[in-house]
J.: 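The following block contains the structure, expressed as structure tokens.
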2 protein chains.
Amino acid sequence: MAVRITLKDVARASGVSPTTVSFVLNNTPRQTIPEGTRRRVHQAATELGYLPHSIARALREGTSRVVLLTTGRWRGGQSLDSFIAGVSGELRARGHNLVVHYGEQSDESLAELLEAVSPRAVIDLAGADLGQEGSDWTDGLAPATAAQLRHLVDRGHTAIALALPSGDFGALVEIRLAQSQRAAHALGIPPVTPVMVGQSRAEAREAMRWLRHEHPQITAVAGFDDDTALLAMGALSDAGVAIPATMAVIGFDDARPGAIWTPSLTSVHIDAEAYGRRAACAALGVEPEDWTSDPSYIVLREST
Amino acid sequence: MAVRITLKDVARASGVSPTTVSFVLNNTPRQTIPEGTRRRVHQAATELGYLPHSIARALREGTSRVVLLTTGRWRGGQSLDSFIAGVSGELRARGHNLVVHYGEQSDESLAELLEAVSPRAVIDLAGADLGQEGSDWTDGLAPATAAQLRHLVDRGHTAIALALPSGDFGALVEIRLAQSQRAAHALGIPPVTPVMVGQSRAEAREAMRWLRHEHPQITAVAGFDDDTALLAMGALSDAGVAIPATMAVIGFDDARPGAIWTPSLTSVHIDAEAYGRRAACAALGVEPEDWTSDPSYIVLREST
DNA sequence: GATAGTCACTAAATCGAATTAGTAACAGGA
DNA sequence: TCCTGTTACTAATTCGATTTAGTGACTATC
């Protein structure tokens with residue numbers, strides 16, 4: 001850090017001009033440079049420990065080699081973590097870096113950050129493109145949604161409620177509901193019954209009371225996420241409903257609290273890494289190569 | 001975004017040279033520029049919507065106006081959120097931006113990010129400076145730690161255990177323990193008994209069995225964080241211990257799951273915003289101005 | 001033997017702001 | 001009148017990498 005090694009230094013050390021060094025290190029097409037020179041340049045670069053100064057490069061190129069990912073209010077879950085890991089890994093393999101901005105998209109700090117970083121691309125998990133249902137992020141959730149319902153159907157349930165949170169999850173709530181209905185149709189069961197469980201234990205109790213009164217045939221609750229499922233499960237416990245005997249509960253996106261609850265919460269583990277990699281490629285405008293994704297799987301615990 | 005307004009454009013519009021525009025907009029000291037010219041420049045700048053290009057500026061100045069915050073493995077809690085909000089707010093008030101890097105400090109991606117962003121400063125919550133116990137971050141936790149124990153003492157408890165997590169929380173575990181012992185001393189109670197609850201329900205059960213066998217006089221458990229407290233509380237419930245009648249449990253740093261647990265978890269709400277602001281000032285090498293912090297307070301629920 | 005084409009390489013411009021080193025114009029003092 | 005100082009500016013350099021537009025030297029073609 002003390003002294004910065006520049007292109008010039010490498011040029012001097014290898015006895016060519018900075019231009020040539022740049023050509024060699026960037027493998028610039030339509031430049032014919034003999035193998036001998038290439039080797040000398042590479043050797044000098046590694047010996048001096050040359051690292052291109054990304055700010056200078058960004059000035060020249062118009063954008064930095066950084067991609068910005070905004071998540072909106074959404075924070076939790078393995079799926080987001082693995083998605084981010086996928087994006088980050090793929091970007092780094094392609095010489096880029098990821099900056100994640102947790103927080104609302106309307107936030108002023110986002111605009112300032114955008115200005116400060118001049119990212120090559122922005123992946124917005126909260127914004128409008130998410131509503132399109134064509135995004136890599138929501139695509140990744142579809143098979144997991146199907147797995148969630150399939151698990152309940154396998155255990156003999158056909159009348160199923162979908163517990164949804166209130167609050168600022170944006171379009172995600174509608175998307176998950178739509179995906180669930182599609183999955184229900186494919187599984188040959190009636191449409192799921194959406195129920196808003198609210199934010200507090202009291203609201204959840206009210207919601208569960210309503211559900212059991214209006215839809216007594218329902219024997220299982222699928223959660224929008226683990227938080228929502230736990231809220232519903234707690235409310236059912238409060239009402240003396242036996243879990244899973246009378247009502248089964250399954251979460252989504254296996255978060256930590258579900259494992260230590262009583263009863264512990266069955267959930268769907270989602271590995272969105274591949275979807276993250278795909279999103280990264282899309283952001284850079286490249287064709288993704290490896291294109292297999294680890295399937296999501298059921299984490300079987302006591303609640304189903 | 002389509003066309004970038006540069007210093008040159010502003011200079012042309014206001015009839016002076018780019019140099020003068022720069023002097024005016026940056027309020028460069030020891031430059032005498034009459035009020036009339038200043039006004040013309042400012043007006044042209046706002047009319048054209050001039051925004052200095054941060055990448056160009058960063059190249060000239062050697063660093064960008066970004067500060068990087070690394071959190072280590074640590075994720076949870078209001079305290080971190082409020083600390084970050086404080087850092088971000090203060091930085092933005094001083095023309096800087098915050099980039100948060102969640103993840104281990106040994107991570108290669110951190111090094112690359114550092115290179116890619118060239119931040120003015122790095123605030124490392126996970127690293128060595130945290131161990132010094134002089135950092136703004138850990139300073140912010142000390143009064144909250146005291147509040148946690150005081151609540152238990154107020155309720156008549158004197159023999160108290162401190163439930164600690166295993167895993168990669170780094171120096172934070174030792175710091176919290178040391179702070180707790182200091183607080184216990186100040187409150188006139190015997191030192192707290194540390195107990196590792198592990199990661200799983202089974203480990204926690206074992207730990208609680210050991211605790212009750214070896215230290216039967218203990219009537220309250222304080223948690224390193226809410227997660228740890230919940231783990232301990234679940235294990236105690238499993239063993240048929242009445243909460244809070246036989247054993248009281250209190251969390252730390254009020255996270256969401258504690259509110260919806262049965263019984264719901266009393267916790268300490270920590271507002272670390274002021275500490276974040278102070279850390280931001282320290283990172284920029286400025287004297288902090290406003291220097292009052294909101295005290296932490298107890299969120300009273302069923303577990304105590 | 002003139003012309004075109006490739007090879008191996010370099011000089012110079014560029015990105016946009018900050019800053020150093022000036023330069024005219026005028027005022028005040030000796 | 002000459003000298004020094006201040007005011008109000010500006011030209012030119014710098015940060016470091018990329019890229020365009022060349023330039024000699026040599027080879028192949030007609």
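All chains are named by letter (A, B, ...) in the order of the sequence lines, taking the proteins before the strands, and each is independently numbered beginning at 1.
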J.: Nucleotide range of DNA chain C contacted by chain A, 5' to 3', under 4.0 Å to a heavy atom?
T.: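 The contacted stretch runs from C/dC7 to C/dG16.
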J.: Would A/Arg176 pass as a cation-pi partner of A/Phe252, given that its NZ or CZ must be under 6.0 Å from the six-membered ring centre and within 45 degrees of the axis?
T.: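 Satisfied, under 6.0 Å and within 45°.
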J.: If we check side chain to side chain contact (heavy atoms under 4.5 Å, CB included) with B/Leu172, which of these qualifies: B/Leu177, B/Asp225, B/Leu141?
T.: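 Filter result, single survivor: B/Leu141.
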J.: Can you work out whether B/Ser17 or A/Ile55 has the more 5'-proximal nearest nucleotide on DNA chain D?
T.: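 First, find each residue's nearest nucleotide; the 5'-ward one identifies B/Ser17.
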J.: Between B/Glu115 and A/Arg4, is there a side-chain N and carboxylate O pair less than 4.0 Å apart?
T.: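 Judged by the 4.0 Å cut-off on N to carboxylate O distance, B/Glu115 and A/Arg4 do form a salt bridge.
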J.: Once you round to the nearest 0.5 Å, how far does OG of A/Ser64 lie from CZ of A/Arg57?
T.: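 That separation rounds to 11.0 Å.
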J.: Does a side-chain N-to-carboxylate-O contact under 4.0 Å join B/Arg92 and A/Glu108?
T.: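 Looking at A/Glu108 together with B/Arg92, the answer is yes, because their closest N to O distance falls below 4.0 Å.
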J.: Is a side-chain N or O of A/Asp271 found less than 3.5 angstrom from the main chain of A/Glu273, in a donor-acceptor match?
T.: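 Pair found, side chain donor or acceptor close to backbone of A/Glu273.
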J.: Give the C-alpha distance, both sets of side-chain angles, the deciding distance and a yes or no for salt bridge (Lys or Arg N to Asp or Glu O under 4.0 Å) between A/Glu90 and A/Arg278.
T.: CA-CA 8 Å; A/Glu90 189 68 29; A/Arg278 188 166 69 157; over 6 Å; no
J.: How close or far is atom P of D/dT7 from atom CD of B/Glu35, stated in whole angstroms?
T.: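 Whole-Å distance recorded here is 15 Å.
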J.: How are the rings of B/Tyr297 and B/His269 set relative to one another: parallel (under 30°), tilted (30 to 60°) or perpendicular (over 60°)?
T.: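 Correct class here is parallel.
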J.: State, yes or no, whether a side-chain contact exists between B/Val21 and B/Val24 at a heavy-atom distance under 4.5 Å.
T.: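 No; the side chains remain at least 4.5 Å from each other.
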J.: In degrees rounded to 10°, what angle is found between the helical axes fit to the five outermost pairs at each end of the helix from C/dG1-D/dC30 to C/dA30-D/dT1?
T.: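 Computed from the C1' atoms at both ends, the axes differ by 70°.
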J.: Taking A/Ser82 for the side chain and A/Ser79 for the main chain, is one N or O donor matched with an acceptor at less than 3.5 Å?
T.: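 The answer is yes, because a donor-acceptor pair under 3.5 Å joins these two groups.
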J.: Which sits closer to the 5' end of DNA chain C, A/Thr20 or A/Thr32, going by the nucleotide each is nearest to?
T.: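 Upstream on the strand: A/Thr32.
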J.: Base contacts versus sugar-phosphate-only contacts with protein, heavy atoms under 4.0 Å: please encode nucleotides 17-28 of chain D as B, S and - from 5' to 3'.
T.: BBBB--------
